[in-house]
Amino acid sequence: MADPQHLFLHGSISKALLKLGIPIILINILQSAYQLTDAFWVGRLGAEQVAAVSVSMPVTFLVIAIGSGLAMAGAILSAQYMGAGQQDKVNHVAAQTMLMVTLTASMLGLTGYVLSPYFLTLLGVEEQVFGDALKFMHVSFIGVVFVFIYAMFQALMRGIGQTKVPLYIVSGTVLLNFVLDPLLIFGFGDFSGFGVMGAALATLITQSLAAVIGVWVFLRGRHGIQLKLSSFKPDWQYMKQAFFLGAPGSVELSARAFGLIIMSFLVASFGTHTIASYGVGSNILQMVMIPAMGLSMAVSTLVGQNMGAGNPQRAAQITRLASLWGLLGLTSVGVIAYLFAEYLVAFFIPDDESVIAGGAEFIRAMCLTWGGIGVQLCVVAAFRASGNMLNAMVVSLLSQCVIQFPAAYILSKHTSLGPQGIWYSFAITNLLVAIITYLWFAAGRWQRTQLTKEDKDIAKVTQETLIEEGNH
């Protein structure tokens, strides 16, 4: 059986991308089934309930994003240490990152729970949507710690090139969620169900189960990472390194999440049906991005390991090929979405013609530029994996604050386009950010970073010292 590390570091780039990318894409498809299952059943409750979920998700994502930089730092370091052949460092990074993520998630989840009603009031959510949105957010924030732990488990496993175990875990929990969703939303027999909150409860149950299984896998140590209880003793030096590496990642993800909240303000100003159209269109956008996200995660692992092994030229070749695949693949998906836009929206909200029309307009306005998202995701993944988190942060700030929101505001409020102006801002952003990001990548400065170099130098000095002492 071929050594996967040899394939990742020396073999065919296409084969390496496929070997990593296909399982990751399957995992992402299954994980998106959480949202799709929720959206499918909540859509049967009505437009107001869809709006409640739509307005809650960006706020929840913002709180998760603030702490995700630490998780991102752990995944990057584990990939580079694996490429450098330092298994003890991989184990240490995994334990310390899990510790930090658990503590961070607990604090952020509690903060988000307490501030939920203030978030919704600030967003100007309509009275008929407020109650359901608050219940959904409260349950979501309780589950943040489990979402963090399992996301970290997946990121660490992906960093060392192990994708099968997360695939098995997600498969089981998605099937469980599929059963729990309609039961907890609509009830069964004498049990009346929880409505919108039932969707969040089903996800909480399944995500907590996945997190517990993930920690158990690490403690058993049979899949590339071995953790012991003693491994969780805080290492402040590592935490300092992870903080400075991860801080730009937190800003990057927070900027994206904050951009979604600002867009929600704008969308909410056009009423509940526009919010519902935006929510359904966003769900479809997330669904069609799954292949590109899987490809970019494969890029992250391969670039991280090759940078750790001291091979930046191969890392660049990986990124170029993946960007081309992302451009062609998502453009093809966009053409299909353009042709079948109404049918896609009607799958989620079958009985509301105005939402179907609005959602279809949203999809058609942006779908032909989806290839740009594929390019951007692959290049940003390479920036992150090489340790250039600042580059990824700048791309995010440029995308959200400089291009998308200003374009959405001007086109929707100062032209005759109305809500369609928001939809067109997605297309403008996809194209401009893809061009800017790829030109930055092509300049090549990102290749000069190597996070594991200091450790290699220390190891070399130590080895030379021991040899010298042995000679005396």
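Side-chain atoms are counted along with the backbone in the values below, which use heavy atoms only and exclude waters and symmetry mates. What you are looking at is a predicted structure, and each value in this text was computed from that prediction instead of being measured.
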Output yes when a side-chain donor or acceptor of Thr97 lies under 3.5 Å from a complementary backbone atom of Ala94, and no otherwise. no
On a heavy-atom basis, the closest approach of Phe146 and Leu204 is CD1-CD1, 4.0 Å
- Is it the case that more than 12 heavy atoms not belonging to Phe265 sit under 6.0 Å from its CZ atom? yes
| task | Determine yes or no for a side-chain-to-main-chain donor-acceptor pair under 3.5 angstrom, with Asn391 supplying the side chain and Phe383 the backbone. | result | no
CD1 of Ile24 to CD1 of Ile29, rounded to nearest 0.5 Å, is 12.0 Å
Closest non-hydrogen contact found for Thr301 with Arg158 is OG1-O, 2.7 Å
Given the options Ile428, Leu431, Asn430, Ile403 meets side-chain contact (heavy atoms from CB on, under 4.5 Å) only with Ile428
- For Thr319 and Leu302, run side-chain contact (heavy atoms from CB on, under 4.5 Å): C-alpha distance rounded to whole Å, both residues' side-chain angles, the deciding distance at 0.1 Å, then the answer. CA-CA 9 Å; Thr319 309; Leu302 292 173; over 6 Å; no
| query | Are any of the side-chain heavy atoms of Val288 and Leu330 separated by less than 4.5 Å? | reply | no
Output for pair (Thr206 OG1, Ile169 CD1), nearest 0.5 Å, gives 12.5 Å
Contact between Val394 and Trp440 at the side-chain level, heavy atoms closer than 4.5 Å - yes or no? yes
To the nearest 0.5 Å, atom OH of Tyr238 lies from atom CE of Met100 at 4.5 Å
Minimum side-chain heavy-atom gap Gln400-Phe405 below 4.5 Å: no
Sorted by chain and residue number, the ring-ring contact (aromatic ring centres under 6.0 Å, His included) partners of His92 (sequence neighbours excluded) come out as none
When you look at OH of Tyr168, are more than 12 heavy atoms from neighbouring residues, nucleotides or ligands closer to it than 6.0 Å? no
Taking every heavy atom of Asp181 against every heavy atom of Gly198, the minimum-distance pair comes out as OD1-O, 4.2 Å
Looking at side-chain heavy atoms only, is the closest gap between Leu209 and Ile213 below 4.5 Å? yes
Handout entry: side-chain contact (heavy atoms from CB on, under 4.5 Å) between Cys378 and Phe441, worked out
Key = CA-CA 10 Å; Cys378 290; Phe441 160 78; over 6 Å; no
Quick one: does Val395's side chain get under 4.5 Å of Val379's, heavy atoms only?
-> no
When every non-hydrogen atom of Val299 is compared with those of Ala382, the smallest separation belongs to CG1-N, 4.1 Å
field: Test item: Gln96 side-chain N/O and Phe232 main-chain N/O as donor-acceptor pair under 3.5 Å
entry: no
Output for pair (Leu20 CG, Thr163 OG1), nearest 0.5 Å, gives 6.0 Å
Take Val42 and Phe136, measure what side-chain contact (heavy atoms from CB on, under 4.5 Å) needs, and give me the verdict at the end. CA-CA 12 Å; Val42 171; Phe136 189 90; 6.0 Å; no
Rounded to the nearest 0.5 angstrom, the CG-NZ distance for Asn91 and Lys89 is 11.5 Å
Nearest heavy-atom approach of Ile25 to Ile290 is O-CG2, 3.7 Å
CZ of Phe141 to CG of Leu115, rounded to nearest 0.5 Å, is 8.0 Å
Ala434 meets the side chain to side chain contact (heavy atoms under 4.5 Å, CB included) criterion, sequence neighbours left out, with Val375
Answer whether the closest heavy-atom distance between the side chains of Tyr438 and Arg320 falls below 4.5 Å. yes
Heavy-atom count around Phe130 CZ within 6.0 Å, excluding the residue itself: above 12? yes
The complete set of ring pair (Phe, Tyr, Trp, His ring centres under 6.0 Å) pairs with one or both residues in residues 198-218, sequence neighbours excluded, reads Phe153-Phe218
- Query: Below 4.5 Å, heavy atoms only, C-beta onward: do Lys228 and Ser231 meet side chain to side chain?
  - Reply: yes
| message | Run Ile373 and Leu285 through side-chain contact (heavy atoms from CB on, under 4.5 Å) and show every step you take. | response | CA-CA 11 Å; Ile373 299 175; Leu285 175 59; 4.0 Å; yes
Nearest heavy-atom contact between Ser425 and Ile422 is OG-O, 2.6 Å
If you define the side chain from C-beta out and look only at heavy atoms, does anything of Val380 sit under 4.5 Å from Ser296? no
